[in-house]
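Structure, as C-alpha cells:
No hydrogens, no waters, no symmetry mates; every other heavy atom, side chains included, goes into these values.
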Amino acid sequence: DLAWERRRIMVNSADDILRAAFPPALPNVRHVCINSLQQEHIALRLGRQARIIPNVMDFENPPPGADGYPAQLRRELGVADDELFVLLPVRIVPRKGIENGMELAARLDRPAKLVLSHEIGDEGMGYADRIKEYAALLDVDLIWAAHRMSEQRELDDQGRQLYMLEDFYDAADLMTYTSRIEGFGKAFLEGVYHRVPIVVNRYVVYDLDIRPKDFRTLEMNGYITEELVQATCELLDDAERRREWADANYELGLRHYSHQAVRDGLRAELEEIFPA
C-alpha cells in the first residue's frame, strides 16, 4: 500500500520523508504496482511509469477436490446442514465494510451463519466492538473463526483441529466481499479459484481493473438492496447456474490472473532493463 492511500495515516509527522522517498523517484529504480489507480498516481506524483502486475493465483493448477476437512469445519463451527455458511474472508478493519455482509446475511430468506475467518485488532479493537454490537442489532449469527485457522492443518495446544484458509472457502456456500477500499482484491481471486459464489461491492479498483473482465458476480454499489438480496437467493437456489458461473470465472482467472501474468510482466520489465 502506498502512503497516500490510507486515510488514517494521511496526517503524520514524516510527510516530507514519505513524499521524497516512498516510493523514490530515482533513475535506477523501476516501479511495479498492483492496479491502474496506483499506476496513475505514481505517474502524477513521481513522473515515473509503473508496470501493473496484479494479485494472482495458481490457476494453472486447480485446487484439489474437497476432502473431509471442510465438512468437519462446518460441524465444528456449528453450521448445520440446513444453514448457509456465508464466508467473510477479510481482516476486521473499517474499510472492509463488514456491516454490509452482515446485513445481507440477515436479509436472506433462510438460516445463515456469517463466518469471519481473519484476525481482529491490527487497527485497534474499536471496530470489532462495533461489529459485535451491530450483529446483535441485526440478530445475525456471527462466528469468529480466526482462532481455528492456520497455515497448515494441525492441532492447537488444546488438541483442536486447525484448518487452512482453503478449507474455509471449500466449506462456504457464499462469499461476501463488501470492502469499500482494496488495493486489488486477493480474496476475490481466492473465491474465484475455489469456485465460490461472490457478492462484491464495486470498490474503485474492482470497477477499474476487475469488472471489465466480465466475472460473474452479484454486485452491490455501496449498500445492500432488496434486488441484490433476491438475486442472491435465486442464485443459491440454482445449482446449475452456480456451476456455470464458477466455470466461467475460473477461465477468466486463468486468462488474466494466473502465475503466467507475473511471469510475463516481470519478463517484460527485465527485458527493458537488460535488453538482449
Side-chain angles (χ1 to χ4, degrees), residues 1-3 5-10 34 55 70 73-74 76-79 83-108 112-152 156 158 160-194 196-206 217-218 220 222-224 232:
D1 295 333
L2 299 166
E5 294 180 327
R6 294 291 173 260
R7 182 177 297 276
R8 67 189 181 91
I9 59 171
M10 290 291 282
I34 61 173
N55 287 159
L73 173 62
R74 290 178 65 105
E76 294 191 5
L77 292 181
V79 182
E83 291 180 310
L84 292 174
F85 186 121
V86 182
L87 178 63
L88 222 169
V90 297
R91 293 179 296 119
I92 314 303
V93 295
R95 65 185 176 87
K96 300 295 184 179
I98 292 170
E99 294 92 339
N100 285 316
M102 296 167 65
E103 181 183 346
L104 178 65
R107 293 175 63 175
L108 296 174
K113 285 193 167 68
L114 186 64
V115 180
L116 303 179
S117 58
H118 284 53
E119 292 287 350
I120 306 169
D122 65 340
E123 293 186 10
M125 297 300 295
Y127 185 60
D129 294 336
R130 147 79 172 165
I131 291 303
K132 294 172 185 176
E133 293 167 359
Y134 198 58
L137 286 172
L138 293 179
D139 194 25
V140 172
D141 203 342
L142 204 61
I143 298 176
W144 303 84
H147 65 291
R148 302 303 301 272
M149 189 165 69
S150 178
E151 292 184 1
Q152 59 187 9
D156 66 9
Q158 299 179 42
R160 297 177 301 183
Q161 179 67 51
L162 298 180
Y163 300 87
M164 297 187 298
L165 180 57
E166 289 85 348
D167 297 321
F168 282 80
Y169 281 106
D170 289 338
D173 299 301
L174 180 71
M175 167 185 163
T176 65
Y177 196 51
T178 52
S179 297
R180 294 188 293 272
I181 301 171
E182 286 290 345
F184 183 77
K186 182 65 180 296
F188 179 88
L189 294 185
E190 289 169 347
V192 170
Y193 184 70
H194 289 279
V196 184
I198 303 172
V199 177
V200 60
N201 186 34
R202 289 177 55 183
Y203 58 92
V204 173
V205 174
Y206 172 83
T217 65
L218 296 158
M220 56 172 282
Y223 55 91
I224 302 295
T232 302

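Side-chain contact between Met149 and Glu119 is absent, with no heavy-atom pair separated by less than 4.5 Å. For the pair Glu76/Arg160, no side-chain contact is recorded, criterion being any heavy-atom separation below 4.5 Å from C-beta on.
Minimum interatomic distance between Ala105 and Ala112 (heavy atoms only, all atoms of both residues): O-CB, 4.4 Å. Heavy-atom minimum distance, Val196 versus Ala172: CG1-CB, 4.2 Å. Closest of all the heavy-atom pairs between Lys113 and Val79 is CD-CG2, 4.1 Å. Listed here is the closest heavy atom pair of Asp170 and Pro70: CB-CG, 3.5 Å. Annotation for Gly185 and Tyr177: closest pair CA-OH, 3.2 Å, computed over non-hydrogen atoms. The nearest pair of heavy atoms linking Leu165 to Ser117 is CD1-OG, 4.3 Å.
For Glu166, the side chain to side chain contact (heavy atoms under 4.5 Å, CB included) partners at least two apart in sequence or on another chain are Met164, His194. When the side chain to side chain contact (heavy atoms under 4.5 Å, CB included) test is applied to Glu133, no partner is found at least two apart in sequence or on another chain. Partners of Phe188 under the ring pair (Phe, Tyr, Trp, His ring centres under 6.0 Å) rule, at least two apart in sequence or in another chain, are Tyr206, Phe215.
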What verdict does the side-chain contact (heavy atoms from CB on, under 4.5 Å) test give for Met220 and Asn201, after you've listed the backbone C-alpha separation in whole Å, the side-chain angles of each residue and the deciding distance to 0.1 Å? CA-CA 5 Å; Met220 56 172 282; Asn201 186 34; 3.7 Å; yes
The test is side-chain contact (heavy atoms from CB on, under 4.5 Å); show your working for Arg74 and Asp173 and say whether it passes. CA-CA 11 Å; Arg74 290 178 65 105; Asp173 299 301; 3.0 Å; yes
Apply side-chain contact (heavy atoms from CB on, under 4.5 Å) to Leu77 and Tyr163, showing your working. CA-CA 11 Å; Leu77 292 181; Tyr163 300 87; over 6 Å; no
Run the side-chain contact (heavy atoms from CB on, under 4.5 Å) check on Leu104 and Leu108 step by step: do they pass? CA-CA 6 Å; Leu104 178 65; Leu108 296 174; 4.2 Å; yes
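Taking CG of Leu162 as the start and CG of Leu73 as the end, the distance is 10.5 Å to the nearest 0.5 Å. To the nearest 0.5 Å, atoms CG (Leu116) and OG1 (Thr176) are separated by 8.5 Å. Taken to the nearest 0.5 Å, the CZ atom of Arg91 stands 12.0 Å off from the OH atom of Tyr127. Between the CD atom in Glu103 and the CG atom in Leu137 there is a gap of 12.0 Å [rounded to 0.5 Å]. Atom CE of residue Met175 and atom OG1 of residue Thr217 lie 10.5 Å apart, to the nearest 0.5 angstrom. With rounding to the nearest 0.5 angstrom, the OH atom of Tyr134 is 12.5 Å from the CD1 atom of Ile98.
With 3.5 Å as the limit, one finds no donor-acceptor pair spanning the side chains of Glu99 and Tyr223.
Proximity of a side-chain donor or acceptor of Tyr203 to a complementary backbone N or O of Gly183 within less than 3.5 Å is not detected.
Look at Asp167 and Arg148 and you find no salt bridge, because none of the NZ, NE, NH1 or NH2 atoms lies under 4.0 Å from a carboxylate O.
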